[in-house]
J.: 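Provided herewith is a single structure, encoded as structure tokens, for subsequent inquiry.
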Amino acid sequence: MEKNEITKAEKKGLKTTGDRYIDTLSKEAEIVMNSMGLDLKPEVKNALFNLGLACEKTLKDKGITWEQVNKDGLPSTLLYYAQLNLNPANKELYILPYKSGDKYVLNFEESYLGKQKKVKKFSADKLISATAFVVREDDLYEPEIDILNGDSLTYKPKPFNIKKIIGAVCFLKYEDETRNRIVEMSLEELNQVKEASKQKMGGKLSPAWSKWESEMYKKAVLKRALKDVQIEVPVEYQNAYMSTEEIDNSNYDLDFEEKKTVVIETIEEPVIEEVKVEQNDSKVIEFE
């Protein structure tokens, strides 16, 4: 054996607890899904690995170990988001640990990017894009509501504008332009959503609302807009998700001892491109 060659046993010892948990989950998921005549596709396995890596990074950043995590229901949640291919590295999914009793629970919250990706994938009406943005004082925003021919808008944000946010808008663009729609939310409505979230968290704002308020405003209006979008999720996705309930009841034979090395890869920030909404000089962030 070469000097630098690692044996299988040594390689197994280098795996993190998160790696071993996801490995076991993949095997269990494959068994359950095969029993239903379904395949655990390679892309889903890869998405599971990415989710495990993101969970491990989140826990490490918070100083939490896997032994401190309540994993009840976690397998089905991870497999569900793996099937949808929502990637925390692309800010499509937030992983937010919170203390519940003597354990931590991993709360998964879809960003407006994640919701957009899911709806675009399963839209029955061929939705091209769902663009959400906030409007501040002094920004130029001129909506044109046309139920018969489809809505349109002109939006020219003032450069480097940090004035008060007065509302949020979502523009739904379809292949059939007559279906294009504008959905608006005033600041008062947005703050009602914020307060409801606060009450849900026991009177405290979630980390997402505390750190990324404008992003959460975008998510709020996008969530409202997407309620009217017809979704057709393939039967195989629904069956696969239901099958994960059995996985939650599986006994995981995991060794939670400290290993030699824990390697956490840095998740790169995604590139956000700008595109024009109308044929004018206005620009808006378009998340593809």
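Position 1 is the first residue of the sequence, and the numbers go up from there.
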J.: With a 6.0 Å cut-off (strictly less than), is the heavy-atom count around NZ of Lys103, excluding the residue itself, greater than 12?
T.: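 It does: Lys103 NZ has more than 12 such atoms within range.
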
J.: Indicate yes or no: at least one non-hydrogen side-chain atom of Leu59 is less than 4.5 angstrom from one of Glu56.
T.: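 No - every pair of side-chain heavy atoms lies 4.5 Å or more apart.
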
J.: Kindly compute the distance separating CG (Asn85) from CG (Asn90), expressed to the nearest 0.5 Å.
T.: 8.5 Å

J.: side-chain contact (heavy atoms from CB on, under 4.5 Å) between Leu48 and Leu79: does it pass, once the steps are laid out?
T.: CA-CA 7 Å; Leu48 268 174; Leu79 188 55; 4.0 Å; yes

J.: Applying side-chain contact (heavy atoms from CB on, under 4.5 Å) to Glu184 and Val221, what does each step give before you reach the verdict?
T.: CA-CA 7 Å; Glu184 301 173 333; Val221 72; 5.9 Å; no

J.: Of all heavy-atom pairs between Leu127 and Lys173, which one has the smallest distance, and what is that distance?
T.: CD1-O, 3.4 Å

J.: How long is the span from the CG atom in Leu53 to the CG atom in Asn87, to the nearest 0.5 Å?
T.: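 CG of Asn87 is found 9.5 Å from CG of Leu53.
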
J.: Give a yes or no on whether the backbone of Gln192 and the side-chain of Glu195 come within a donor-acceptor separation of less than 3.5 Å.
T.: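 Checked: no pair found.
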
J.: Can you tell me how far apart CG (Leu74) and CH2 (Trp66) are? Round to the nearest 0.5 Å.
T.: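 If we round to the nearest 0.5 Å, Leu74:CG and Trp66:CH2 are 5.5 Å apart.
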
J.: Kindly compute the distance separating CG (Asn180) from CG (Asp151), expressed to the nearest 0.5 Å.
T.: 7.5 Å

J.: Side-chain contact test, heavy atoms from C-beta onward, threshold under 4.5 Å: evaluate it for Asn70 versus Ser100 and give yes or no.
T.: no

J.: Flag yes if more than 12 heavy atoms outside Glu177 fall under 6.0 Å of its CD atom; otherwise flag no.
T.: no

J.: Is atom NZ of Lys194 surrounded by more than 12 heavy atoms (other residues, nucleotides or ligands) closer than 6.0 Å?
T.: yes

J.: In this structure, would Ile182 and Val135 fall into the same cluster of hydrophobic residues linked by side-chain contacts under 4.5 Å?
T.: yes

J.: If you look at every heavy atom in Ala47 and Ala82, which pair is closest and at what distance?
T.: CB-O, 3.6 Å

J.: Check the hydrophobic clustering (I, L, V, M, F, W, Y; side-chain heavy atoms under 4.5 Å; chains of links allowed) and say if Tyr217 and Val169 are grouped together.
T.: no

J.: Of the non-hydrogen atoms in Tyr155 and Leu153, which two are nearest, and what is the gap between them?
T.: CB-CD1, 3.8 Å

J.: Report yes if the side chains of Leu86 and Leu113 come closer than 4.5 Å at any heavy-atom pair, otherwise no.
T.: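 No, their side chains stay 4.5 Å or more apart.
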
J.: I'd like to know if Ile64 and Leu78 are part of one continuous hydrophobic network [Ile/Leu/Val/Met/Phe/Trp/Tyr, side-chain heavy atoms within less than 4.5 Å].
T.: yes

J.: Residues two or more places apart in sequence or in another chain: which of them pass side-chain contact (heavy atoms from CB on, under 4.5 Å) with Asn149?
T.: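 In terms of side-chain contact (heavy atoms from CB on, under 4.5 Å), with neighbours along the sequence ignored, Asn149 is linked to Asp146.
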
J.: Given side chains that start at C-beta, do those of Thr58 and Pro97 come closer than 4.5 Å, heavy atoms only?
T.: yes

J.: Decide salt bridge (Lys or Arg N to Asp or Glu O under 4.0 Å) for Lys91 and Glu215; before the verdict, give the C-alpha distance in whole Å, the side-chain angles of both, and the deciding distance to 0.1 Å.
T.: CA-CA 11 Å; Lys91 294 186 178 180; Glu215 299 299 297; over 6 Å; no

J.: Taking side chain as C-beta onward, heavy atoms only, is Trp209 less than 4.5 Å from Lys198?
T.: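 Trp209 does not reach Lys198 side chain to side chain.
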
J.: Mind listing the closest non-hydrogen atom pair of Leu106 and Cys55 along with its distance?
T.: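 Heavy atoms only, the tightest pair is CD1-SG, 4.0 Å.
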
J.: Is there a path of hydrophobic side-chain contacts, each under 4.5 Å between heavy atoms of I/L/V/M/F/W/Y residues, joining Ile166 to Val183?
T.: no

J.: Roughly how far, to the nearest 0.5 Å, is the CZ atom of Arg181 from the CZ atom of Phe171?
T.: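 Phe171 CZ to Arg181 CZ: 10.0 Å, rounded to 0.5 Å.
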
J.: If you round to the nearest 0.5 Å, how far is OG of Ser206 from CE of Met201?
T.: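 Met201 atom CE to Ser206 atom OG measures 5.5 Å (nearest 0.5 Å).
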
J.: Kindly give the cluster partners of Leu140, where membership spreads through any ILVMFWY side chain lying under 4.5 Å from a current member.
T.: none

J.: Looking at side-chain heavy atoms only, is the closest gap between Arg224 and Val193 below 4.5 Å?
T.: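 Counting from C-beta outward, Arg224 and Val193 never come under 4.5 Å.
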
J.: Will you find, in the side chains of Glu188 and Ser186, an N or O donor that is under 3.5 Å from an N or O acceptor?
T.: no

J.: Closest heavy-atom contact between Asp139 and Arg136?
T.: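 So the two residues come closest at OD2-N, 2.8 Å.
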
J.: Side chains of Asp138 and Asn161: any donor to acceptor distance under 3.5 Å?
T.: no

J.: Within the side chain of Lys219, is there an N or O that forms a donor-acceptor pair under 3.5 Å with the backbone of Glu110?
T.: yes

J.: Would you please classify the geometry between the Trp212 ring and the Tyr94 ring as parallel, tilted or perpendicular, with 30° and 60° separating the classes?
T.: parallel

J.: With heavy-atom distances below 4.5 Å as the criterion, would you say the side chains of Leu51 and Leu93 are in contact?
T.: yes

J.: Are Val229 and Leu222 connected in the hydrophobic side-chain network, where two residues link if heavy atoms are under 4.5 Å apart?
T.: yes

J.: Does Leu187 form a side-chain contact (heavy atoms from CB on, under 4.5 Å) with Lys164? I'd like the steps, not just the answer.
T.: CA-CA 10 Å; Leu187 181 61; Lys164 181 180 177 181; 3.3 Å; yes

J.: What is the minimum heavy-atom distance between Ile95 and Pro88, and which atoms define it?
T.: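 Closest heavy-atom pair between Ile95 and Pro88: CD1-CG, 4.0 Å.
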
